[in-house]
**Q** 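One structure coming up, written as C-alpha cells, with questions to follow.
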Amino acid sequence: MNAQRILITGGAGFIGSHLAEALLERGHIVTIIDNLSTGKFENIAPLCQNPRFRFAIDSILNEIVLDRLASECDVIFHLAAAVGVKLIVDQPVQTIETNVNGTMAVLRAAVRYRAKVLIASTSEVYGKGNRVPFSEDDDVVLGPTVRSRWSYAASKMIDEFLALAYFREKGLPVVIFRLFNTIGPRQSGRYGMVVPRFIQQALEGKPLTVYGDGNQSRCFLHVKDAVRAMIALAESDSVLGNVYNIGSQEEISIRDLADLVLRTVKGVKLRKIPQSLKEEHAEVVYIPYDQAYASGFEDMSRRLPDITKIQKAIGWSPEIHLQEAIEDIVVNGFLTQK
Ligand code: UDP
C-alpha cells in the first residue's frame with residue numbers, strides 16, 4: 001500500500017499503539033485520538049519522535065475534532081472502546097455509551113469524507129454459542145439483560161450492525177474484525193486480562209489466581225500477529241462489507257496456562273537473574289467465580305475462532321506461538337497493576 005494517512009481511535013491503548021508502530025514502520029502517516037481513559041501516553045511516547053506521527057488527546061465524542069481528523073485521513077481504524085470484562089461488569093453505563101455512541105460518531109465522520117473504516121469488534125459477540133470453533137456466520141445466543149456482562153457483546157453487535165448498514169445503505173467502505181484474546185508487551189492486567197495478571201503474579205512470587213476450576217480454555221494471539229492481519233485487511237479491497245475473526249487456534253486451559261507462565265517466568269529468570277530463584281514461592285490458587293467476579297458475570301468455557309475466512313481472503317494465519325508470546329511479555333514488559 002502506498003503511504004496513506006491513517007487515523008487510529010484508541011491509538012494509545014495496548015493494540016492501538018502496536019498498530020500505530022507497525023503502520024509507521026511501513027511508511028504511513030499516522031494520527032491517533034485517545035482520551036487516555038484506559039490508554040496510556042507512555043504507550044505512544046516513543047512514537048512521538050517520528051515526524052509522520054501526531055496525536056490528539058481527546059474523546060471521539062468531540063465532534064469538531066473528530067470531523068477534522070476524519071477529513072485529513074484515508075483510512076480509520078476504530079479501536080476506541082470500553083475494554084475488558086472487569087470494567088464492563090463494574091461500569092456498564094460507560095461501556096454501552098462509549099461503544100455505541102463512539103462508533104456512531106466515527107461512522108458519521110467517515111461518511112462525510114469517504115474514509116475507509118476498519119471496526120474492531122470482539123469474540124464476545126459469539127456470546128454463549130457452543131458450536132466450536134466460532135465462525136463469522138454463526139447464530140448468536142446472549143445471556144439475559146439482567147446480567148451486565150452481555151451488554152458488552154450487545155453494544156459491539158450494534159456497532160457491527162451500524163457499520164454494515166453504512167456499507168450497504170451509504171456505500172461507506174467498511175470492514176469488521178472480531179478480535180479474540182490478544183496478548184503482548186504493554187497489555188495491562190488491570191482490566192482483568194489473565195495473561196498479564198499471571199505474569200505479574202509470577203514475577204512477584206505471588207500465587208497465580210485461577211478462576212473456577214481452570215478447565216475453561218482460551219486461544220491467545222500475539223498482538224503482532226493481530227496487527228499484521230488488521231493491516232492486510234486495510235490493504236485489501238475484496239474484504240469490504242465483511243466480518244473476519246482474528247485469533248489464534250492454539251487452545252490452552254487456564255490451569256495449563258498458569259503452569260506455562262510459571263515455567264516461562266522461571267526460565268527467563270534463570271537466564272537473567274539466577275539468584276532471584278531462591279525466593280521462588282509462586283504457585284496456583286483456585287478462586288471460585290462468585291469471589292472472582294461481581295454478580296452478573298458468566299464465564300465462557302471455550303473460545304476458539306474459525307479463521308478459514310480470513311485465511312482465504314488475505315492469506316493470514318498466526319505465526320507466533322503462545323510460549324514465545326509469553327516470553328516476549330516477560331522480557332519486554334507490561335503495564336503493572338496499580
Ligand atoms: N482468569 C483467571 N484468573 C485471572 C483472570 C482471568 O483465571 O486472574 C480467567 C477468566 O475467568 C477467563 C480466562 O481467564 O476464564 C480469560 O480471561 P480474560 O479476562 O483474560 O479474557 P476473556 O474472559 O475475555 O476471554
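Below, all heavy atoms of this structure are taken into account, side chains as well, without hydrogens, waters or symmetry copies. Whatever order the structure lists them in is the order used to number ligands and atoms, beginning at 1.
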**Q** I'd like to check whether R197 has a polar contact with ligand 1, where a contact means an N/O of the residue lying under 3.5 Å from an N/O of the ligand.
**A** yes
**Q** Do K116 and D237 sit within salt-bridge range, that is, some charged N less than 4.0 Å from a carboxylate O?
**A** yes
**Q** Given that the side chain starts at C-beta and the backbone is N, CA, C, O, which of these parts of M300 lies under 4.0 Å from ligand 1, counting heavy atoms, or is it both or neither?
**A** neither
**Q** For E319, check side-chain contact (heavy atoms from CB on, under 4.5 Å) against everything at least two apart and list the hits.
**A** D225, R228
**Q** If hydrophobic clusters are built from ILVMFWY residues whose side chains come within less than 4.5 Å, do F41 and L7 share one?
**A** yes
**Q** Compute the shortest N/O to N/O distance between Q201 and ligand 1 and return yes if it is under 3.5 Å, no if not.
**A** no
**Q** Give the atom numbers and elements of ligand 1 that come within less than 4.0 Å of a heavy atom of Q216.
**A** 9 (C), 11 (O), 15 (O)
**Q** Show the atoms of ligand 1 that are less than 4.0 angstrom away from any heavy atom in N181.
**A** 21 (O), 22 (P), 25 (O)
**Q** In terms of relative ring orientation, are H18 and F14 parallel, tilted or perpendicular, with 30° and 60° separating the classes?
**A** perpendicular
**Q** I'd like to know if K224 pairs up with E324 as an ion pair, taking the criterion as any Lys NZ or Arg NE/NH1/NH2 lying under 4.0 Å from an Asp or Glu carboxylate oxygen.
**A** no
**Q** What atoms of ligand 1 come closer than 4.0 angstrom to any heavy atom of I254?
**A** 7 (O), 13 (C), 14 (O)
**Q** Who passes ring-ring contact (aromatic ring centres under 6.0 Å, His included) against F180, sequence neighbours left out?
**A** Y126
**Q** Identify which of V210, V285, V194, L257 has a heavy atom lying nearest to atom 17 (O) of ligand 1.
**A** V194
**Q** Is any NZ, NE, NH1 or NH2 atom of the basic residue among K156 and E160 found under 4.0 Å from an Asp or Glu carboxylate oxygen of the other?
**A** no
**Q** Ligand 1 and V195, any nitrogen or oxygen pair closer than 3.5 angstrom?
**A** no
**Q** Pull out every atom of ligand 1 sitting under 4.0 Å from any heavy atom of R303, numbered as shown with elements.
**A** 22 (P), 24 (O), 25 (O)
**Q** With rounding to the nearest 0.5 angstrom, report the CE to OG1 distance, M193 to T182.
**A** 9.0 Å
**Q** Tell me whether T209 has any N or O atom under 3.5 angstrom from an N or O of ligand 1.
**A** yes
**Q** Does D299 approach ligand 1 within less than 4.0 angstrom via side chain, backbone, both or neither, non-hydrogen atoms only?
**A** side chain
